[in-house]
Amino acid sequence: MKKISLILSALLLILTTTNCASTNQDVLYTSPETDVLIYGFASNVNTMNFYRTQLGNGDYPEDEKVSKAKLISGGLIHIVDKPGASYKLKELTIIKDNLPYRYSFERSDFMEYDFPEKPGIYYIGSIDMLKTLSTGRWTNLYLEGDELYTKIKITEKLLTKYKNTPWEDEINATLDILYTKMAENSGYDLSEDEE
């Protein structure tokens, strides 16, 4: 039993590192001026497998026209494609009580994302996956009980994945806006820093 567990752990590690490496490779050939990046977060998720259900607007290389799968690890949801594309959650694995549980959504529209028609970066929210799966209702996840703080933390995590890609400046610009909103909400006077 231990041997099977070690083999599965090694396989999961290989899949996770392969996913991280391919993510940055994929986005090197995309642009915030012509493509869409959606991102969000799902707590307690080990892996999520999305697949494309509709091509977006724009030219695709021949090999990109097939249904495209996106394996996402670590709970951070991030997919880049053409405006108007659609993705659907196929399956996910969560860890509960130190055991993996696999859920299949092939016949459900539980998590379906239609990309906006305008290129850019879009936040799709954060979800408490354990509560959502146990209640059957979407349950938002707010770190420190604050939606804006949650969005900042998830965007900062996204930035680590997209360093040195065409999306880095766009993500930094998004963070600047979020930091300004956070400062305004806290009553912090930004002009004091300029003196």
Side-chain angles (χ1 to χ4, degrees), residues 4-24 26-27 36-54 67-81 85-116 120-163 167 171 174-175 178 181-182:
I4 292 172
S5 177
L6 286 172
I7 291 170
L8 288 175
S9 296
L11 182 60
L12 185 59
L13 180 63
I14 290 167
L15 284 173
T16 304
T17 40
T18 303
N19 178 46
C20 292
S22 66
T23 299
N24 281 339
D26 290 348
V27 299
V36 173
L37 166 60
I38 63 166
Y39 74 103
F41 188 79
S43 68
N44 303 303
V45 171
N46 193 17
T47 59
M48 301 176 86
N49 192 1
F50 288 86
Y51 65 96
R52 185 193 298 135
T53 56
Q54 176 180 312
S67 178
K68 189 174 183 181
K70 286 287 186 180
L71 178 66
I72 293 164
S73 60
L76 180 67
I77 301 166
H78 53 100
I79 304 172
V80 177
D81 208 322
S86 294
Y87 278 81
K88 178 179 165 60
L89 179 65
K90 184 176 181 179
E91 62 188 22
L92 66 84
T93 305
I94 63 167
I95 303 297
K96 183 178 177 186
D97 301 324
N98 293 324
L99 295 171
Y101 291 85
R102 185 178 162 270
Y103 293 84
S104 176
F105 298 97
E106 290 199 47
R107 292 187 170 90
S108 161
D109 59 356
F110 172 62
M111 286 179 96
E112 225 170 356
Y113 297 111
D114 295 327
F115 280 44
I121 182 170
Y122 296 89
Y123 178 68
I124 57 174
S126 59
I127 181 173
D128 184 325
M129 194 56 79
L130 286 180
K131 283 185 182 173
T132 298
L133 292 172
S134 65
T135 63
R137 289 183 313 228
W138 185 280
T139 307
N140 288 317
L141 169 76
Y142 297 132
L143 305 172
E144 306 290 327
D146 186 327
E147 185 176 2
L148 182 57
Y149 177 77
T150 303
K151 189 174 180 180
I152 288 171
K153 289 299 173 191
I154 293 167
T155 307
E156 288 172 343
K157 188 171 182 165
L158 180 74
L159 181 61
T160 64
K161 292 269 188 195
Y162 286 82
K163 274 277 194 214
W167 293 92
I171 296 168
T174 300
L175 279 169
L178 295 173
K181 283 183 185 175
M182 182 62 94

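Counting from 1, the numbers follow the sequence of the chain as shown.
- Residues passing the salt bridge (charged side-chain N to carboxylate O under 4.0 Å, His left out) test with Glu91, sequence neighbours excluded: Arg102.
- Looking at Ile121 and Leu158, their side chains come closer than 4.5 Å, going by heavy atoms from C-beta outward.
- Aromatic pair Tyr122/Phe115: centroids not less than 6.0 angstrom apart.
- Between Met129 and Met48, the closest side-chain pair of non-hydrogen atoms falls below 4.5 Å.
- Taking Lys153 as the reference, Glu156 meet the side chain to side chain donor-acceptor pair (under 3.5 Å) condition, with sequence neighbours excluded.
- In this structure Asp114 satisfies the side chain to side chain donor-acceptor pair (under 3.5 Å) test together with Ser86, sequence neighbours excluded.
- Annotation: side chain to side chain contact (heavy atoms under 4.5 Å, CB included) contacts of Ile95 (sequence neighbours excluded): Asn46, Pro100.
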Practice prompt. Please lay out, stage by stage, how Ile77 and Phe50 fare under the test side-chain contact (heavy atoms from CB on, under 4.5 Å).
Written response: CA-CA 10 Å; Ile77 301 166; Phe50 288 86; 4.3 Å; yes
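- In this structure Gln54 satisfies the side chain to side chain donor-acceptor pair (under 3.5 Å) test with no other residue, sequence neighbours excluded.
- Residues that satisfy the side chain to side chain contact (heavy atoms under 4.5 Å, CB included) test with Tyr142, not counting sequence neighbours, are Asn140, Glu147, Thr150.
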Item to complete: Give the intermediate values and the outcome of side-chain contact (heavy atoms from CB on, under 4.5 Å) for residues His78 and Ile38.
Response: CA-CA 6 Å; His78 53 100; Ile38 63 166; over 6 Å; no
Worksheet item: Could you go step by step and tell me if Val80 and Trp167 meet the side-chain contact (heavy atoms from CB on, under 4.5 Å) rule?
Response: CA-CA 10 Å; Val80 177; Trp167 293 92; 3.9 Å; yes
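- Considering only residues two or more places apart in sequence or on other chains, Asn44 meets the side chain to side chain contact (heavy atoms under 4.5 Å, CB included) condition with Asp128, Leu130.
- Tyr87 is not listed as a side-chain neighbour of Thr53, based on a closest heavy-atom distance of 4.5 Å or more.
- For the atom pair Ile154 CD1 and Leu159 CG, the distance stands at 14.0 Å (nearest 0.5 Å).
- In this structure Phe41 satisfies the ring-ring contact (aromatic ring centres under 6.0 Å, His included) test with no other residue, sequence neighbours excluded.
- In this structure, CD1 in Ile152 is found 8.0 Å from CG in Asp146, a value given to the nearest 0.5 Å.
- For the atom pair NZ of Lys157 and CD1 of Ile171, the computed distance is 14.0 Å after rounding to the nearest 0.5 Å.
- Every residue two or more places apart in sequence or in another chain that forms a side chain to side chain donor-acceptor pair (under 3.5 Å) with Thr155 is listed here: Tyr39.
- Contacts of Glu112 classified as side chain to side chain contact (heavy atoms under 4.5 Å, CB included), with partners at least two apart in sequence or in another chain: Lys88, Asp109.
- At least one side-chain heavy atom of Leu37 sits under 4.5 Å from a side-chain heavy atom of Tyr162.
- Inter-residue side-chain proximity for Tyr101 and Leu133 is flagged as unmet; no heavy-atom pair is nearer than 4.5 Å.
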Discussion item. Using the rule given for side-chain contact (heavy atoms from CB on, under 4.5 Å), can you reason through Thr132 versus Ile127, listing the C-alpha separation, both sets of side-chain angles and the distance that settles it, and then say yes or no?
Written reply: CA-CA 8 Å; Thr132 298; Ile127 181 173; 3.3 Å; yes
